[in-house]
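For reference, the structure is listed below as structure tokens.
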Amino acid sequence: MGVLMSKKHQVEKVQKCTSVISAFQQGVKERAPSTTNQGEGSKEEREGPTEASPPPNLEEKEEAEHREADSKAGPSGTSQQAATPAPTRDECKVNQEAWNRLRDGKGVEPEDLDKTGHQLTPPAFVRPKRDANVDQPMEVALGQREQPVNDEMCEVCEVWTADNLFPCRTCTRVFHDGCLSEMGYLRTELLQEMRETAHTATGWSCYYCDNVNLLLTEEEMYSLMETFKQCKIIPESCLVSDELLQYRHFVSKQLFEKDLSDEQEEEVLAQFAALDPEKRGQIEWSDFLYHESLGVLKKFRTENSLVRLLSAKERDHVRSVFMGLDLDKDSVVTGAETRWAQQSWFQKLSKESQSCNVSISHVGPISDSSPASSSSERSTQKDDRPVSWDDFLRESAIYILAARPNSSAMHIRLPL
């Protein structure tokens, strides 16, 4: 019995020693990774997160690209801008929103709309698509006036209120001045100008017709936007003469791999002066956008396709001008008379000489600048080539489109 108790006691001692050794070994194993983790944790606290940080999202990437682009010198980055700090995140967001508005066809964003008020929702613009027969000649008879009739109801609220509706000089839409104000498209001074001119010989173009950028297709607009981005043009910003020159130099290098000549630089400055009739030393974004948009149309569209863009009111106006030039009624005018008419599309009559009873289809050279009163001046020019009615319409189409905006700027200059 004593022997059995002694053996049992020895076994218990061995088991205790074994358990102690196992516990010690397990403790060593547990302490080793713990120490390592503590070391790594302290290192992370000192250095901050590395691989665990999430990648930047798309907006942050676009903002970084805009900051990098705006920090470089370009047509919209003069020496003064180069010295300014990089744009903030809010500025990059504003620039991106401006690009989106340009892509969506709005060109110039209206005044900040009060979303909580009673303002109406601006319409969505849809860019045109080119039809298969767009380059085919369009038959426009000289002796048959179309005399389009204006709509009866306001384009915005679809309510008829007779004399309180203001017509567009280009299309048949009519508007209430209150609806245009409520929608935020016209500032106070522009709204007053619309009231004063809509029923006169000069007339007023609605927000559809005033923005000739809306004539571009999606593909044409994408090409124009890419050019703006490459030239570091900031949308909705004014341009000075140096910026316009740098922009033209860039485009010349891209297209012809050479800088502008001295004569071409003078032409750019002359165009700048035409886009800045008030001599403020800068051109508005809308005028620059319209000028470039018309340049795209002139470059990539045929004359037949441009004729198809004219409205019925514009075609009636061209008929009146041509018939006023064709004094001997042989359906032929001279090249000099054609050039004079093209120049006259941009002439604005003084408001004091306008009558509210004049038909809106007679916008352009009337009264002192009418064809009959200027015949002696035109006869001194040397271009006597015969121009038929069809040729007159095709050659003049781009200039008629350029006269749509309400701005007094000349968006296309005639070649010297």
Sole candidate of Thr338, Val332, Leu325 that passes side chain to side chain contact (heavy atoms under 4.5 Å, CB included) when paired with Val387 = Thr338
Spatial distance of atom CG (Leu289) from atom CG (Leu239) [nearest 0.5 Å] = 11.0 Å
Do Glu158 and Arg173 sit within salt-bridge range, that is, some charged N less than 4.0 Å from a carboxylate O?
-> no
Does any N or O in the side chain of Ser396 come within less than 3.5 Å of the main-chain N or O of Gln342, such that one atom is a donor and the other an acceptor?
-> no
Per the side-chain hydrogen bond (donor to acceptor under 3.5 Å, both in side chains) rule, which among Arg130, Arg308, Arg301 passes with Asp135?
-> Arg130
Which atom names give the shortest non-hydrogen contact between Met194 and Asp177, and what distance separates them?
-> CE-CB, 3.7 Å
Would you please test Phe272 and His291 for side chain to side chain contact (heavy atoms under 4.5 Å, CB included) and show each step?
-> CA-CA 10 Å; Phe272 180 89; His291 171 69; over 6 Å; no
Mind telling me whether His199 and Phe166 have parallel, tilted or perpendicular rings, with 30° and 60° as the class edges?
-> tilted
Report the C-alpha distance between Glu226 and Tyr222 in whole Å, list the side-chain angles of each, state the deciding distance to 0.1 Å, and finish with yes or no for side chain to side chain contact (heavy atoms under 4.5 Å, CB included).
-> CA-CA 6 Å; Glu226 287 300 308; Tyr222 176 80; 3.7 Å; yes
Would you call the rings of Phe288 and Tyr247 parallel, tilted or perpendicular if under 30° counts as parallel and over 60° as perpendicular?
-> perpendicular
Please tell me if the side chains of Tyr208 and Cys171 come closer than 4.5 Å, counting only heavy atoms from C-beta onward.
-> no
Find out whether Tyr207 and Leu180 are in side-chain contact, i.e. whether some heavy atom of one side chain is under 4.5 Å from a heavy atom of the other.
-> yes
With no hydrogens and no angle check, is any side-chain donor or acceptor of Arg169 less than 3.5 Å from a backbone partner on Thr202?
-> yes
Donor-acceptor pair, side chain of Lys253 and main chain of Asp259, under 3.5 angstrom = no
Would you please test Arg319 and Val140 for side chain to side chain contact (heavy atoms under 4.5 Å, CB included) and show each step?
-> CA-CA 10 Å; Arg319 286 188 182 93; Val140 180; 3.3 Å; yes
Could you walk me through whether Lys313 and Asp316 pass the salt bridge (Lys or Arg N to Asp or Glu O under 4.0 Å) test, one step at a time?
-> CA-CA 5 Å; Lys313 286 184 178 181; Asp316 268 356; over 6 Å; no
Judged by atom type as modelled, is there a donor-acceptor pair below 3.5 Å linking the side chain of Arg315 to the main-chain atoms of Leu310?
-> yes
Just how far is it from atom CG of Asp326 to atom CG of Leu142, taken to the nearest 0.5 Å?
-> 7.5 Å
With side-chain hydrogen bond (donor to acceptor under 3.5 Å, both in side chains) as the test, would you mind laying out the steps for Arg394 and Thr302 before giving the verdict?
-> CA-CA 9 Å; Arg394 285 194 297 266; Thr302 63; over 6 Å; no
Distance-minimising heavy-atom pair for Trp389 and Ala141 = NE1-C, 4.0 Å
Ignoring hydrogens and geometry, is there a side-chain-to-backbone donor-acceptor pair from Thr227 to Ser223 under 3.5 Å?
-> yes
Return yes if some donor-acceptor pair links the side-chain N/O of Asp262 with the main-chain N/O of Glu266 below 3.5 Å, else return no.
-> no
Taking Glu303 for the side chain and Pro137 for the main chain, is one N or O donor matched with an acceptor at less than 3.5 Å?
-> no
Spatial distance of atom CG (Leu244) from atom CG (Asp276) [nearest 0.5 Å] | 11.0 Å
Verify whether one side chain among Thr334 and Asp384 offers a donor that lies under 3.5 Å from an acceptor in the other.
-> no
Counting distance only, does the side-chain N/O of Gln343 pair as donor-acceptor with the main-chain N or O of Trp340 below 3.5 Å?
-> no
Is there a donor-acceptor pair under 3.5 Å between the side chain of Ser205 and the backbone N or O of Arg404?
-> yes
So among Leu215, Asn211, Leu224, Leu214, which one has a side chain to side chain contact (heavy atoms under 4.5 Å, CB included) with Ser293?
-> Leu224
Looking only at atom types and distance, does a side-chain atom of Arg127 sit under 3.5 Å from a main-chain N or O of Asn213, one as donor and one as acceptor?
-> yes
